[in-house]
Every structure is written in structure tokens, then in C-alpha cells.
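Input: a single structure, listed below in C-alpha cells.
Quick note: residue numbers are just sequence positions, from 1. Note that the coordinates shown come from a computational prediction; the quantities given were computed from them, not determined experimentally.
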Amino acid sequence: MTTKSLPFPLTGDQSFYEALGDWIGDVFYDIFPEKGLELRDEQIFMAFQLEQAFKKKSIMFAEAGVGTGKTLAYLLYTICYARYTGKPAIIACSDETLIEQLVKKTGDIHKIEELLDLSVDVRLAKSREQYLCLTKLDKTASKTDDEDIDFVYEQLPEFVHGNGSMTSFYPYGDRKEYPYLDDDQWKSVNYDSLQDCLSCDVRHRCGQTLNREHYRAAGDLIVCSHDFYMEHIWTKEARKREGQLPLLPEASAVIFDEGHLLEFAAQKALTYRTSLSNLAVILDKLSSNDIREKTLYLIDRILEQHDQWFAEISRQADHNSMTERLAIKRHPDLMTKSKMLKESIDQLLEELVFESELYVIDDYDLKIVEEYLERVLFSLKLFVDDDGAIVWLEESSEDDTLVIMPRLVEDILREEVFSKKIPYIFSSATLSVKEDFSYLAHSLGIDQYDAFTVSSPFEYEDTMDVTIHVMDEFDKGEKQVELLKANHTGGSLVLFNSKGDQDLFQVGCSHELSNRGTIYFEGDEEISTLVEKFQMDSSSILSAHHLWEGLDVPGVSLSQVIIDSLPIPPLDPVFEAKRNHVADPVQQVDLPYMLLRLQQGIGRLIRTSSDKGSVHIFLTQEDLKWIDEVTSILPVQPKILQR
């Protein structure tokens with residue numbers, strides 16, 4: 001890409017950065033005000049701090065309060081830098097489903113295009129789970145009477161069925177295209193780890209493949225989630241060895257929007273999951289082939305050992321836990337069963353070498369079985385040999401899943417990500433605790449960084465009131481219903497600390513609000529569709545447990561935020577591992593996490609200078625020990641009500 005595509009002239013007597021700085025000044029001081037945008041000193045300060053990060057190719061923590069216009073600021077630099085270097089920049093957002101927010105018609109990228117008469121080549125890169133799987137769709141459609149699934153089938157492009165030339169192919173199959181499916185319906189037709197894409201006979205017609213080819217060709221920006229970016233990092237070398245392209249192309253710069261959430265995405269990308277039912281499904285594929293009797297006996301033994309292993313895992317799991325992640329005790333009986341299963345799977349993999357030489361096993365089935373068995377084997381090895389790994393059990397009515405995650409990822413991040421000499425920008429309203437960035441930097445393996453804090457330009461005293469309610473669980477539900485009914489001229493957001501808390505509210509309180517207007521619950525539809533509906537309906541209610549960050553709904557559509565409980569990290573294996581490796585778990589883990597998340601939740605309310613509304617935070621008597629810390633981060637002095 002040449003410098004002709006830059007939105008400003010670049011002459012021989014100026015460096016790129018000098019010309020960029022001049023243009024940025026013209027944009028903020030002249031062009032934007034002429035187009036009706038407010039001149040904000042905080043935004044200009046942030047912009048010129050960012051210039052140093054791009055010039056030095058350094059890591060920058062850019063903490064800027066709500067209303068600063070931080071997205072506009074980093075977009076201007078990022079687009080220009082991508083065009084100057086000839087490589088797209090990557091913007092990684094906190095949540096897979098919230099990346100749509102950045103590219104929506106009222107979003108900042110479209111705003112830049114209109115204000116500066118630019119055409120920005122921005123493309124979305126979503127994780128595999130966000131795309132339709134044709135193989136799973138075929139199987140599900142053949143055994144269900146669900147009209148929604150049938151409609152998905154009817155929506156498929158003509159070329160999927162073999163009609164049309166290759167030139168007529170276009171990207172399709174994005175989760176957003178099927179908003180009418182709830183999360184459970186989507187899981188029945190989307191990609192999952194049991195699919196072997198490389199051997200799939202419809203791979204060239206697959207929506208995931210076509211979308212991947214599309215976003216790799218982006219000229220300016222690729223927008224993805226933290227999860228997908230970290231999956232790219234962990235898989236790129238393996239993909240190269242297999243002759244595949246990395247998930248993402250080489251980037252000129254990386255922006256981590258809501259960057260304080262990157263650590264968990266990094267852990268999640270390195271997670272190994274083994275379910276109770278999947279092994280039986282996989283080995284059934286193998287048994288349906290004409291294999292030797294010895295191998296069949298071995299398969300039966302493995303299935304029996306696998307069932308016994310999961311039964312022992314369940315016995316050693318902490319079923320008294322209030323979280324979805326059940327801690328597992330490393331009891332000697334469990335370790336013995338783990339080693340026995342590991343030895344049997346090792347033996348089966350050896351037998352499959354002989355079976356493959358007899359050419360009696362379908363190549364597709366063999367590849368799927370081998371890959372899955374190797375993943376289970378690696379999980380068992382981690383479980384048996386690595387006592388530093390974080391292990392937990394997830395139970396549901398459909399299946400049980402063992403999850404294994406590395407305890408700390410900072411060393412891997414330090415080497416695989418932050419050793420690269422490109423600009424890394426962390427952007428959020430909450431990256432520090434009282435302007436101390438060490439908690440985040442240490443968690444991510446970042447040793448050297450620049451940082452700044454810019455406060456919000458909004459006059460919160462005139463636009464926001466905060467009430468802290470101290471009461472028990474029974475009274476809390478009653479009060480929340482009362483608040484939601486009272487806010488009949490505007491929309492309300494109710495934030496929960498977990499899906500379980502949201503489910504309790506849905507069961508216990510939603511019927512009392514049936515005459516209040518529409519209530520949208522996270523999980524009932526594709527999330528960006530729900531957000532759009534909520535924004536268009538100025539008197540509705542949105543109930544969510546993932547929207548503490550990234551939700552941008554200005555105006556009366558969001559005039560009340562109700563925080564169901566303090567977002568204290570759960571007593572689950574992930575946070576327990578963090579607590580066990582610091583001197584003061586409360587001050588070094590629980591408190592920073594809670595305060596950062598609470599600030600984010602409160603920040604959903606006031607999005608523009610004309611917004612007004614109320615925040616209601618619910619505490620128990622036990623939570624009063626945090627009251628000084630909570631009030632210290634609030635933008636206004638709260639009213640405290642005790643019952």
C-alpha cells in the first residue's frame with residue numbers, strides 16, 4: 001500500500017509522524033468542530049500521548065474516562081499507521097459478540113468515514129464458534145422438527161448446494177445472521193472442536209472459510225475479540241507447521257479495547273476441555289469401521305475407564321461451590337484412574353497405526369479420532385504431571401466437562417506477544433486502581449510500558465445520582481422490581497455477576513414486570529441483536545451478565561443501571577489459583593478486580609454530555625466492609641440506604 005492512501009500529504013521535508021501530528025491537530029481543532037463535534041481537551045491530550053506510542057512502537061496503557069472520545073482518537077492513528085506500513089492493524093475487543101458495536105452504523109468507524117470523507121476497509125474476524133457448520137446443520141436438520149433450524153437451512157446461499165461458479169461465492173454463516181436462534185439452538189449448528197475442517201468435503205463452500213479469506217485481505221482494520229486474538233497467538237506456529245495460514249495476518253499495531261480483560265482471554269485460549277460424552281461419540285466413529293477385534297476390546301476398555309474416570313472426578317468435585325466451576329481434589333484414587341486411562345489411550349493410538357496400514361478405516365474418521373485422542377491424552381498428561389495447572393469440572397444436564405487451564409500466562413505473553421516491536425495500545429476507562437497500573441501489567445507479563453489517565457469531561461454531579469441499597473436477598477428482588485417499574489419513561493440495564501444470578505432474577509421477578517414493557521435477557525437471542533432492540537425501545541429492560549463493558553447505548557434508552565451485587569470474583573479454581581500466589585489475596589486480587597468491574601458497570605449509564613440517569617448498587621450487610629473502597633471510585637457522592 002502506498003502513501004497516496006494517507007488522508008494527508010507526505011512530503012520530503014516532513015517525517016510521517018510530523019505530518020501525522022499536523023493532520024491530527026487539524027482534525028481535532030478545525031475539522032471536527034466545523035462538523036459540529038465538541039472540542040475536548042481530554043481527547044486531544046490522549047491523541048498526542050498515543051502519537052508517542054506509535055512513534056516509539058511501545059506498549060501504552062491509555063486510561064480515558066467515558067466521553068473522552070478515546071475510540072475516535074486511537075482509530076485516527078491506527079488507520080493512518082496501517083496505511084503507512086502497508087499492514088492492517090488489529091483491534092481486539094473484549095467480547096466476541098460486542099465487536100459488532102464498533103462497526104455499527106452509529107459507531108465511531110462510520111463517524112470517521114462521514115466526517116473525514118474516508119473509506120475505511122474494516123473487516124470482522126470472529127472465532128470458529130461464531131460460524132455455521134454445514135456438517136452439523138445437516139445432522140441437526142435431519143433429526144429435528146425445529147422450524148428455526150429449517151429456516152437456517154433455507155437461508156443458505158445457492159452455491160452451498162453446488163449451484164453457481166466459484167466467482168459467485170461470498171461470506172455467510174455469521175452468528176449475527178441468525179438472531180432468532182437462542183444460544184442452545186446455535187450450539188446445535190455451529191462449529192465445535194469435534195469438526196475436522198481440513199478433511200471436510202464442503203470446506204471450500206463453508207462460511208467460516210469464506211469469512212476467513214475475506215478478513216485476511218483487509219486493507220486498514222481487522223476487528224476481532226480478545227479470545228480470537230489469543231487463539232491466533234497460541235495456534236500460529238502449529239498452523240504454519242501444518243501448511244496453514246495463521247488465523248490473523250501480520251499486524252502493524254494491536255489495540256486492546258477494554259484491555260483489562262485480556263488476561264482471562266489468554267488463559268481461556270490455552271484451555272483444554274474434555275467432556276464425558278464426546279469420547280463415546282468419537283470412538284463410535286471408529287467402531288463402525290472394519291477394525292480388528294483386539295482394537296474393539298481396547299475401545300470398550302477405554303470407554304469403561306473413561307466413565308469411571310469421570311465418575312471419580314465428580315466424586316472429588318466440590319459440589320457445595322456456588323460457581324459453575326467446581327474445584328477438584330487431586331485424590332490418589334483419581335490420579336490412579338487418570339494414569340490407567342492415559343496408558344490405555346496411548347496403547348490405542350499405537351494400535352491405530354497398524355489399523356491405518358490395513359486401509360480399513362475411513363481417512364476422515366481416523367483423522368478425527370486421532371486428533372481428539374491426542375487432545376485427551378495431553379489433558380491427562382497436564383492433569384497428572386502439572387500440579388500448577390488449574391482444573392475444574394463443569395456440570396450440566398446434557399454433559400460434564402473437565403477443564404484444564406494454565407495458572408499464569410504472563411511468561412508466555414511476554415515472549416509470544418509483547419516482545420514484538422509494534423505499538424500495543426490498551427484502551428479503557430478502567431485500567432488502573434487509583435492510577436496504579438501494576439496489577440494489570442504484572443498479570444500480562446508487561447515489564448516496560450507508558451501510561452496515562454485522563455478523566456471524563458462529563459459533569460457527573462449534574463447528570464447522575466448513585467444510590468447504594470444495603471438489604472437482604474428477599475428485599476433486594478422486591479426493590480429492584482420497584483425501581484424497574486418506576487423508570488417507565490426510560491430503559492434500564494440490570495447487571496448480574498453470573499448467569500446463575502440472572503436466571504434467579506428471570507424466574508423470580510420477570511412475571512412481576514410483565515406489564516412494564518419488554519424485558520430482554522442475555523442468551524435468548526444473538527447479543528448484538530438484543531442490544532439493538534433494547535436501544536430502539538426506549539422503555540425496555542435489558543438483563544445481562546456479560547455487558548459490564550462495551551455496551552454503548554446513549555439517551556433515554558438507558559437511563560437507569562441496576563447492579564445486582566458487587567462483582568467480587570468467585571471462589572472458583574481460576575481465582576483461587578491467583579489468590580494462592582500473592583501475599584495479600586484481598587488487596588491484590590479481589591479488590592482490584594471488583595473495583596475495575598464496578599467502574600465499568602457504572603460507566604454504561606452516561607455516554608454523552610446530554611445523558612442523565614440513576615445508578616443503584618445492591619450490597620449485603622457483609623459487603624459493608626467494602627463501602628469505603630466502593631465510594632472512593634464513584635463519580636458522585638452516593639446516597640446510602642439501609643433496611
Please determine whether a side-chain nitrogen of the Lys or Arg among E129 and R175 lies less than 4.0 Å from a carboxylate oxygen of the Asp or Glu.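 Looking at E129 and R175, the cut-off is not met.
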Pairing of K533 and D537 as salt bridge, 4.0 angstrom limit: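 Looking at K533 and D537, the cut-off is not met.
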Got [X] and [Y] here, is their nearest side-chain heavy-atom distance under 4.5 Å?
| X | Y | value |
| --- | --- | --- |
| R212 | L247 | yes |
| I24 | E51 | no |
| C224 | L124 | no |
| S127 | D227 | no |
| R123 | L221 | no |
| Y178 | L132 | yes |

Flag yes if more than 12 heavy atoms outside [X] fall under 6.0 Å of its [atom1] atom; otherwise flag no.
| X | atom1 | answer |
| --- | --- | --- |
| K187 | NZ | no |
| E532 | CD | no |
| E250 | CD | no |
| E177 | CD | yes |
| E324 | CD | no |

With no hydrogens and no angle check, do the side chains of [X] and [Y] hold a donor and an acceptor under 3.5 Å apart?
| X | Y | answer |
| --- | --- | --- |
| T135 | D138 | no |
| Q185 | D148 | yes |
| D257 | S427 | no |

Check the pair L279, Y372 against side-chain contact (heavy atoms from CB on, under 4.5 Å), reporting the backbone distance first and the verdict last. CA-CA 8 Å; L279 187 66; Y372 187 78; 3.9 Å; yes
Decide yes or no on ring pair (Phe, Tyr, Trp, His ring centres under 6.0 Å) for Y81 and Y77, but give the supporting numbers first. CA-CA 6 Å; Y81 194 74; Y77 281 100; 9.5 Å; no
Would you call the rings of Y170 and F159 parallel, tilted or perpendicular if under 30° counts as parallel and over 60° as perpendicular?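 Correct class here is perpendicular.
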Classify the ring geometry between Y84 and Y17 as parallel (under 30°), tilted (30 to 60°) or perpendicular (over 60°).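 Geometry flag for Y17 against Y84: perpendicular rings.
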Residues forming a side chain to side chain donor-acceptor pair (under 3.5 Å) with W392, sequence neighbours excluded: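 Here the qualifying residues are E394.
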Please assess Q600 against S428 for the test side-chain hydrogen bond (donor to acceptor under 3.5 Å, both in side chains), listing each intermediate value before the final yes or no. CA-CA 9 Å; Q600 283 287 340; S428 178; 2.9 Å; yes
For Y229 and F256, what are the C-alpha separation, side-chain angles and deciding distance, and is it a ring pair (Phe, Tyr, Trp, His ring centres under 6.0 Å)? CA-CA 10 Å; Y229 180 80; F256 295 113; 5.4 Å; yes
Got a sec, which residues hit salt bridge (Lys or Arg N to Asp or Glu O under 4.0 Å) with K176, two or more places apart in sequence or on another chain?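 K176 satisfies salt bridge (Lys or Arg N to Asp or Glu O under 4.0 Å) with no residue once adjacent residues are dropped.
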Residue pair V417, I412: steps toward the side-chain contact (heavy atoms from CB on, under 4.5 Å) verdict: CA-CA 8 Å; V417 180; I412 304 173; over 6 Å; no
For F169 and V160, what are the C-alpha separation, side-chain angles and deciding distance, and is it a side-chain contact (heavy atoms from CB on, under 4.5 Å)? CA-CA 9 Å; F169 285 18; V160 171; over 6 Å; no
Set of ring-ring contact (aromatic ring centres under 6.0 Å, His included) partners for Y74, sequence neighbours left out: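 Residues passing ring-ring contact (aromatic ring centres under 6.0 Å, His included) with Y74: none at all.
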Would you sort out whether W23 and C80 count as a side-chain contact (heavy atoms from CB on, under 4.5 Å), showing the intermediate values? CA-CA 10 Å; W23 179 72; C80 293; 3.5 Å; yes
